[in-house]
Amino acid sequence: MKVIVSVGGSVLAPDLEADRVEAYASALEGLETDGHTLGTVVGGGPTARDYIGTARELGANEIELDQLGISVTRLNARLLIAALGERAAPTPPTNLESAREAMRRGDLPVMGGTAPAHTTDAVGASLAEYVNADLLVLATSVDGVYDADPSSVEGAAKFDSLSVSELVDVVADIEMNAGSNAPVDLLAAKVVQRAGLRAVVVDGTDPENVVTAIEGGHDGTEILPETDA
Ligand code: UTP
């Protein structure tokens with residue numbers, strides 16, 4: 001299968017533990033050995049939020065804050081590149097074309113962000129559309145998509161599956177400031193919708209969940225293209 005994996009910075013680099021990044025690299029290498037073709041995108045996590053918070057206090061505007069966030073996503077991407085060694089393209093591709101070229105060469109591209117006003121989930125969805133991926137895996141710090149924010153709403157319920165238009169409705173009302181906290185950003189949901197992509201949201205804190213998202217048996221949320229819903 002051709003799969004794009006978007007790994008939240010909060011799951012890959014909540015701190016700078018080498019073991020965690022190493023475990024991700026091993027899971028991705030195992031998937032490639034099993035015959036899957038992969039592309040990856042890495043988020044900025046708490047480090048991006050810290051930088052964005054400080055720069056916001058200093059008066060930076062939202063685009064400037066997004067640019068800071070993008071820089072941190074690329075730093076995190078370089079951690080995963082370091083762990084993947086020869087299998088990875090040596091620098092994080094800064095646009096979709098370079099990532100696609102890397103995949104065609106047989107390298108594993110590890111992207112960070114690309115342009116302001118969205119998150120790496122949207123980059124992952126766009127790359128998945130661009131390379132005609134069979135599946136987009138969103139490895140996040142929550143274990144799926146909920147009908148309300150589970151960190152603040154008691155009794156929020158997790159979807160085992162939902163249609164992409166239901167996903168768009170769930171995320172449409174969430175704020176989109178730099179560093180915002182949506183399970184999937186609205187642009188990502190819209191790209192998944194127009195591309196007719198199959199997507200899965202899993203708890204990425206255990207990279208094994210990325211493996212089961214691809215090979216079967218995951219307990220995250222399946223996002224169904226309209227025709228299957
Ligand atoms: P992330 O993609 O990491 O946000 O980008 P996230 O998904 O909320 O966080 P984690 O990693 O899953 O915890 C961090 C910030 O960088 C900017 C945005 O400000 C975003 O909130 N960003 C990132 C962009 O502006 N464009 C991009 O392509 C990527």
Side-chain angles (χ1 to χ4, degrees), residues 4-17 20-21 24 39-58 60-80 92-99 109-130 136-146 149-152 167 170-171 174-192 199-207 209-210 213 220-221 223:
I4 302 303
V5 182
S6 175
V7 186
S10 36
V11 305
L12 187 79
D15 45 37
L16 293 177
E17 277 292 327
R20 189 178 284 109
V21 183
Y24 249 96
T40 57
V41 186
V42 173
T47 310
R49 286 202 185 84
D50 287 349
Y51 270 86
I52 287 168
T54 301
R56 186 175 271 129
E57 274 182 49
L58 293 168
N61 65 37
E62 290 297 314
I63 297 287
E64 290 166 332
L65 298 176
D66 285 339
Q67 287 163 336
L68 256 184
I70 291 167
S71 297
V72 177
T73 63
R74 290 181 183 157
L75 279 179
N76 284 342
R78 282 187 185 275
L79 284 180
L80 185 54
T94 55
N95 57 57
L96 300 177
E97 286 89 344
S98 307
V110 186
M111 298 187 76
T114 51
H118 53 75
T119 73
T120 45
D121 288 343
V123 178
S126 303
L127 183 59
E129 180 174 36
Y130 190 40
L136 169 67
V137 178
L138 300 166
T140 72
S141 52
V142 275
D143 59 353
V145 178
Y146 283 72
D149 182 354
S151 65
S152 56
L167 176 70
V170 168
V171 297
I174 301 174
E175 247 183 48
M176 238 313 282
N177 288 337
S180 115
N181 229 338
V184 175
D185 87 23
L186 180 59
L187 181 61
K190 290 295 236 179
V191 173
V192 167
V200 177
V201 179
V202 287
D203 176 359
T205 50
D206 181 354
N209 292 333
V210 173
T221 298
I223 295 156

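When reading the values below, keep in mind they use all heavy atoms of this one structure, side chains included, and skip hydrogens, waters and symmetry mates. Indexing begins at 1, ligand by ligand and atom by atom, following the structure's order.
- Near S10, meaning under 4.0 Å from one of its heavy atoms, ligand 1 places the atoms 10 (P), 11 (O), 12 (O), 13 (O).
- Take R20 and apply the side-chain hydrogen bond (donor to acceptor under 3.5 Å, both in side chains) test, not counting sequence neighbours, and it matches D15.
- Remark: D143 CG to N209 CG distance equals 9.0 Å, nearest 0.5 Å.
- In summary, the atoms of ligand 1 found under 4.0 Å from a heavy atom of A117, numbered by their order in the structure, are 25 (O).
- Where the criterion is an N or O separation shorter than 3.5 Å, residue side chain and backbone included, T114 meets it with respect to ligand 1.
- Here the shortest heavy-atom pairing between T94 and T114 reads O-CG2, 3.6 Å.
- Heavy-atom contacts of G43 reach the following atoms of ligand 1: 3 (O), 11 (O) (cutoff under 4.0 Å).
- The heavy-atom pair separating Y146 from V170 by the smallest distance is O-CG1, 3.5 Å.
- Between the CG atom of L167 and the NZ atom of K190 there is a distance of 10.5 Å, given to the nearest 0.5 Å.
- Under the side-chain hydrogen bond (donor to acceptor under 3.5 Å, both in side chains) criterion, Q67 pairs with no residue, sequence neighbours left out.
- More than 12 heavy atoms of other residues, nucleotides or ligands sit less than 6.0 Å from atom CG of L58.
- The residue among G9, A115, P116 with a heavy atom at the shortest distance from atom 26 (N) of ligand 1 is A115.
- Only side-chain heavy atoms of R49 come within less than 4.0 Å of ligand 1; its backbone N, CA, C and O stay farther off.
- The shell of residues lying under 4.0 angstrom from ligand 1, judged by heavy atoms, excludes T140.
- Across T120, V123, L187, heavy-atom proximity to atom 2 (O) of ligand 1 is greatest for T120.
- Here is the list of ligand 1 atoms found below 4.0 Å of a heavy atom in G45: 3 (O), 10 (P), 11 (O), 13 (O).
- In this comparison of T47, V42, D66, T94, the heavy atom closest to atom 25 (O) of ligand 1 sits on D66.
- When each atom of ligand 1 is checked for a heavy atom of G113 under 4.0 Å away, the hits are 27 (C), 28 (O), 29 (C).
- Taking both residues in full, the closest heavy atoms of P150 and V142 are given as CG-CG1, 4.2 Å, listed atom of the first, atom of the second, then distance.
- Ligand-side atoms of ligand 1 in range of G8: 11 (O), 12 (O), range being under 4.0 angstrom from any heavy atom.
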